[in-house]
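Reviewing the structure listed below.
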2 protein chains.
Amino acid sequence: MTTKERILESAYNCFSRKGYFGTTTREIAHTAGVSEVTLFRLFKSKKELFREVLINFSIIPDIRAISVPEGSGELALLGIGRKIYLSLREKKEFLKILLSEVTGLTEEIEEVYSHFVRTLEELLSNVFSSALSLSPDESRMKVKIFGAAVFGFFISEEIFQGRELSQREIDEFISTLSRSISGGKP
Amino acid sequence: MTTKERILESAYNCFSRKGYFGTTTREIAHTAGVSEVTLFRLFKSKKELFREVLINFSIIPDIRAISVPEGSGELALLGIGRKIYLSLREKKEFLKILLSEVTGLTEEIEEVYSHFVRTLEELLSNVFSSALSLSPDESRMKVKIFGAAVFGFFISEEIFQGRELSQREIDEFISTLSRSISGGKP
DNA sequence: TTCTGATGTAAGTAATTACTTACTTACGAG
DNA sequence: CTCGTAAGTAAGTAATTACTTACATCAGAA
């Protein structure tokens with residue numbers, strides 16, 4: 001692992017624990033086992049370092065990598081909902097960074113986030129139109145509901161309340177959700 | 001309005017625009033039209049001031065004030081979902097504080113947030129069990145789905161993407177959600 | 001009038017912060 | 001061996017920050 005990568009990784013950790021303003025460059029350098037001077041030789045400012053963290057640890061590749069599972073509409077939803085939840089969890093720290101700076105660094109974040117939303121809605125649209133055979137309008141709305149529910153559930157449980165849900169709890173939520181959304185359609 | 005209230009209000013505004021760490025006590029005092037010395041005479045530290053802001057501008061009273069509307073299950077859900085969404089929007093700035101500081105000031109925030117969740121789930125439970133006549137388990141799960149969906153939708157649209165949805169867009173989302181959740185039950 | 005309480009001004013302190021400069025060390029390639 | 005590159009150390013700068021001290025002002029109650 002190069003020095004730059006080590007710095008990026010500890011910046012990622014520090015930012016996600018303490019937010020952008022709560023983290024000092026000294027702290028990042030120290031936890032990377034590197035001098036502060038080296039940090040500023042490799043990144044021209046703290047803000048640039050933050051931008052590079054956003055780019056390098058984005059959740060978008062994870063979302064994009066989700067494949068549409070086989071099976072009935074309801075089962076497809078269950079499978080995909082599970083994967084979305086687990087992707088979110090894997091990048092939990094990254095999400096915390098996004099959240100922590102949602103008020104202070106809006107330009108950078110809005111870009112990253114709306115990209116995330118578009119990617120997710122694209123993915124879900126495929127499932128809904130193919131697996132559930134809905135009208136485009138209905139489909140569009142249900143995609144939003146499904147995405148918002150999984151996302152809101154994750155943020156509420158794992159980020160706000162600091163829990164780490166078991167697979168059973170996740171499945172219970174997502175399967176009930178899938179059933180409601182698919183409306184009993186096979 | 002007392003001096004203390006003026007300070008609390010501008011602290012609320014500053015924190016919600018720039019987060020806790022991004023806001024200086026000087027700035028708060030200045031926008032309150034008060035000297036910094038006065039601020040520290042009335043609040044013993046910045047952190048204590050933050051706590052008082054959390055308490056004074058909490059969203060909980062708004063949620064508690066929501067009454068269960070008359071009508072069928074689906075209509076009751078629509079009415080209550082609308083009100084929740086609008087309460088969230090009214091306190092949008094407060095929510096931004098919570099979000100932006102959830103990583104750095106966890107102790108203070110977890111308390112406020114879990115109280116919020118409990119209040120909301122209590123309120124919804126009443127609607128679900130009375131208006132929809134579900135089993136307790138089903139009811140519990142659907143409460144979670146409904147709450148998470150409205151919450152996730154709000155955060156995604158209004159906070160992350162900075163939009164201000166029209167009543168029509170809100171209604172479209174919430175009525176589709178209510179229909180899915182109530183599963184066609186009258 | 002006098003006293004009190006709330007507020008202001010001026011000035012400052014000690015700590016922290018992002019970021020820099022100048023110089024040194026270690027090491028692998030040629 | 002030499003030389004360039006990546007890294008470190010030491011020190012410091014200019015700005016900012018939370019928070020304090022000492023003293024002045026002023027309006028209203030007694």
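All values derive from a computational prediction rather than experimental measurement. In what follows, chains are A, B, ... by sequence order, proteins preceding strands, each numbered from 1.
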For the residue pair Ser45(A) and Glu48(A), confirm or rule out a side-chain donor-acceptor distance under 3.5 Å.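 There is no such pair between these side chains.
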Have a look at Ser35(B) and say if it touches a base, only the backbone sugar-phosphate, or nothing, with a 4.0 Å heavy-atom cut-off.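 Contact class for Ser35(B): base.
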So Thr2(B), base contact, sugar-phosphate only, or nothing? Heavy-atom distance under 4.0 Å.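 Thr2(B): no heavy atom of the nucleic acid under 4.0 Å.
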In whole angstrom, give the distance that lies between atom CZ of Phe40(A) and atom P of dT9(D).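 One finds 16 Å between P of dT9(D) and CZ of Phe40(A), rounded.
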Indicate yes or no for a side-chain donor-acceptor contact from Arg6(A) to the backbone of Ala32(A) under 3.5 Å, with no hydrogens or angles considered.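 Checking the backbone N and O of Ala32(A) against the side chain of Arg6(A), a donor-acceptor pair under 3.5 Å is found.
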5′-ward residue of the pair Val37(B)/Arg6(A) relative to DNA chain D: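 Its nearest nucleotide lies further toward 5', so the answer is Arg6(A).
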In terms of ring plane angle, is the pair Tyr12(A) and Phe57(A) parallel, tilted or perpendicular, where the classes change at 30° and 60°?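 Answer is parallel, since the angle falls under 30°.
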I'd like to know whether CZ of Arg89(A) has more than 12 heavy-atom contacts from other residues, nucleotides or ligands below 6.0 angstrom.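 Yes, enclosed.
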Got a sec: does the CD of Glu9(B) have more than 12 other heavy atoms crowding it under 6.0 Å?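 Not more than 12 within 6.0 Å, no.
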Identify the 5'-most and 3'-most nucleotides of DNA chain C with at least one atom closer than 4.0 Å to a non-hydrogen atom of chain A.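 Endpoints of the contacted stretch of DNA chain C: dT17(C) to dT21(C).
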For Phe43(A) and Leu8(A), what are the C-alpha separation, side-chain angles and deciding distance, and is it a side-chain contact (heavy atoms from CB on, under 4.5 Å)? CA-CA 10 Å; Phe43(A) 303 91; Leu8(A) 275 172; 3.9 Å; yes
